[in-house]
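Have a look at the structure below before the remarks.
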Amino acid sequence: MKSIVTQLLQDALANLPELADVIAGISVEATIERTRDASHGDFASNVAMRLAKAAGVNPREIAANIVAQLPDGDQVDKVEIAGPGFINFYLSAAAFHNELRTMLDQGGCYGRQEARKKPRILLEFVSANPTGPLHVGHGRHAAFGATVGNLLEATGYPVEREYYVNDAGRQMDILGVSVWLRWLETQGTKIPFPEAGYRGAYICDIASAIDTGGIAVVSAERLTDGLPDGDQELVIEALIAKAKDVLGADGFDQIRQQSLESIRADIEDDLAEFGVTFNHWYSEQSLTTSNRIDDALAVLKERGMLYEKDGATWFRATDFGDEKDRVVVRENGNKTYFASDIAYHFDKRERGFDHLIDILGADHHGYVTRVQGGLAAMGYAADDLEVELMQFVALYRGNERMQMSTRSGEFDTLRKLRAEVGNDAARFFYVSRSNDQHLDFDLDVAKSESNDNPVYYIQYAHARIASVFRQLEERSLKQDAVKGRENLALLTEPQEKALMTTLSRYPEVIELAANNRAPQHLVHYLRDVANDFHTYYNAHAFIVDDDKLRDARLVLITAAKIVIANGLSILGVSAPETM
RNA sequence: GCGCCCGUAGCUCAGUUGGAUAGAGCACCAGAUUCCUAAUCUGGGGGCCAGAGGUUCGAAUCCUCUCGGGCGCGCCA
């Protein structure tokens, strides 16, 4: 509906050539907003105040000139100039009725924008290391990323979701050796389990299911022979070396890959149950096997962005705002994680994605600049990469804060959380606050207060509407939708006006939430819709004897049902017919 | 020490890119149903928007500083 006001204002401004110069610098649409208070009309524009300074004229005077040029029409009842120079628009009932009809006509598509070709967006999120099950922190990333993806799609952007699988490096060796040791335990070889290994019970599960075809059992004596004392990192290192020695590189790799794939598949399964799916599972290993890292480094070298110092190869990160230059190839010849990260983001651009969004933990903020620098160094724009940082989730059970450490195995999994509070409540709770706000997730509260969770409040509104139509059927009545649409003028109660107004905001809320990567706007909006509906429900009966009024009211609550269902769908929350 | 984020009602948090009188939920108090689901509704109390300056018609929002909290500053991944 905002477009009605935008159009009116633009038409009026076009008739004021003396303002042409000053208006060029601002977006007319950005000056228009919903009013907080109904006494200020439905929409207000501060355009006159924005223009006043540059034009050197009193804002109220400009406002008066603009209002005088507004074209006539049946969309607006009246326009007022208020306060320091606001232009307040009171839209006509007919304008709201039109919008209601649009909701019914478009149904599940209401609030969605037309598909566009550009920019193609690659949204990367979760990307948890495949060394154990997802925990509750990852759940926040999953819910947030999935919802942002839905919002971007709803606003027309072509978006693909990607999970970067960190399946290279030392942690994979630690995973492999952890599984190997657990497997040996099943064969009767038992040594004290290394503290630096992965100690979760899931390692035992993998070990007992693994295909070790032909691998010999070794004795505990041979395992412990020559192990260093003390430093647990050295112990695990020695065990890895021993595993490679005993099993051969290929044999060890076989265990490693099976373990990795087992965990990765479990993560994929977990997320799918949570309603979170990906277009791509991108393997870090594949960067090496396809020489993408070398290719990227070659590009950097060619552009003069690399230099040698102390036997290592450095990237000139300081040229791109980083506080120090960064090593990409170590003295020992190994490439750093940063090198593969540059190559990975370069590859994303090379695959044809125009805009890259990474959703990362807040602890990654330090490396945003340098990855952006890597992109810039290779000829792309630094701001092709947008990073949304997620603050941490602190998990509580009552007053006790749970520690989350994958290696220790003492953590609460996303699975457990979903089982306890349900997918709907979890998805909703995770995105109900801003990503840069810490999230305290108290499992006891989430369980004990689950009936007070706003998600049920919203779902209940949807179910209640469905129930009204069941009730209609029980009374052997039928809705005449055509008659309802013709009689929307009968909807004159304040609760009806309030609900219509709130419903009509939906497309604007979707756009706002998408543009700001801020799902919580949608969450709060849906609560408002539900509140307006419940208030209406309590104030008036829908199934009344007057069939014209009845049909009109049924049109209104049908529109409410559509908006709630559409919004919940974007949040990945179900819209039940009964509760 | 340097950098990023945060500080709003007793608690948990919103606050529409700088707008008009600061908003919800929970908790507390008082009410509402012969009728479509009471998982509901109505009303009430509750605030130095951490603090101090600045920018301007106008600041919770932007800038500077101070205080308090979280996180990060590897030839780790």
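Only a predicted model underlies this, so the values are computations on that prediction, with no experimental measurement involved.
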Residue whose closest nucleotide on RNA chain B lies nearer the 5' end, A:T578 versus A:H364: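 By nearest-heavy-atom nucleotide position, the 5'-most residue is A:T578.
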Earlier contact from the 5' end, RNA chain B, for A:F542 and A:R326: A:F542
Compare the minimum distances between each of [options] and the side chain of [X], then state the nucleotide with the smallest one.
X      : options                : answer
A:A312 : B:rG23, B:rA77, B:rC75 : B:rC75
A:M49  : B:rC57, B:rC13, B:rA39 : B:rC57
A:L512 : B:rU16, B:rU40, B:rA20 : B:rU16
A:Y457 : B:rU40, B:rA39, B:rA38 : B:rU40
A:R464 : B:rC36, B:rU40, B:rU16 : B:rU40
A:V327 : B:rC36, B:rG25, B:rC75 : B:rC75
A:R330 : B:rG7, B:rC75, B:rA20  : B:rC75
A:K324 : B:rG74, B:rC36, B:rG25 : B:rG74
A:H365 : B:rG3, B:rC6, B:rA24   : B:rG3

[atom1] atoms of [N] and [M], separation to the nearest Å:
N      : M      : atom1 : result
B:rC49 : B:rG3  : C1'   : 26 Å
B:rG47 : B:rC11 : P     : 13 Å
B:rC63 : B:rA77 : P     : 36 Å
B:rU40 : B:rU33 : C1'   : 10 Å
B:rG45 : B:rG10 : P     : 15 Å
B:rG69 : B:rA30 : C1'   : 39 Å
B:rG46 : B:rC26 : C1'   : 14 Å
B:rA14 : B:rA38 : P     : 32 Å

Verify stack between A:F86 ring and B:rG19 base, 5.5 Å, 30 degrees: no
Per-pair stack call A:H524 and B:rA24, 5.5 Å, 30°: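 A:H524 ring does not meet the centre or angle cut-off for B:rA24; no stack.
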What is the base-pairing partner of [N], counting Watson-Crick and G-U wobble geometry with both distances under 3.5 Å?
N      : answer
B:rC71 : B:rG3
B:rG18 : none
B:rC62 : B:rG54
B:rC13 : B:rG23
B:rG46 : none

[N] phosphate, OP1 or OP2: any side-chain N/O from [X] under 4.0 angstrom?
X      : N      : answer
A:Q437 : B:rA14 : yes
A:R475 : B:rC36 : no
A:T535 : B:rU42 : yes
A:R433 : B:rC13 : yes

Which part of the nucleic acid, if any, lies within contact of [X], taking any heavy atom under 4.0 Å across all strands shown: a base, the sugar-phosphate backbone alone, or nothing?
X      : answer
A:A513 : nothing
A:E323 : sugar-phosphate
A:N435 : nothing
A:N531 : sugar-phosphate
A:H540 : base

is_close_aromatic(A:H138, A:H141), centroid dist under 6.0 Å: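 No - the distance between ring centres of A:H138 and A:H141 does not fall below the 6.0 Å cut-off.
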NZ or CZ of A:R464 within 45° of A:Y537 ring axis and under 6.0 Å: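 Yes - A:R464 lies over the ring of A:Y537, closer than 6.0 Å to its centre and within 45° of its axis.
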Working for salt bridge (Lys or Arg N to Asp or Glu O under 4.0 Å), residues A:D440 and A:R433: CA-CA 11 Å; A:D440 289 339; A:R433 58 205 53 173; over 6 Å; no
Side-chain donor/acceptor of A:D173 to base of B:rA77, under 3.5 Å: no
Side chain A:D363 and base B:rG72 donor-acceptor under 3.5 Å: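 Answer no: no donor N or O sits under 3.5 Å from an acceptor.
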Assigned glycosidic conformation for B:rU17 [threshold 90° from 0]: syn
Parallel, tilted or perpendicular: ring planes of A:F338 versus A:F315, cut at 30 and 60 degrees: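 Correct class here is tilted.
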Aromatic plane relationship, A:Y344 with A:Y164 - under 30° parallel, 30 to 60° tilted, over 60° perpendicular: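 Judged by the thresholds at 30° and 60°, the geometry between A:Y164 and A:Y344 is parallel.
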salt_bridge(A:E577, A:K561) N-O dist < 4.0 Å: yes
Salt-bridge present (A:R256, A:D253; N to O < 4.0 Å): yes
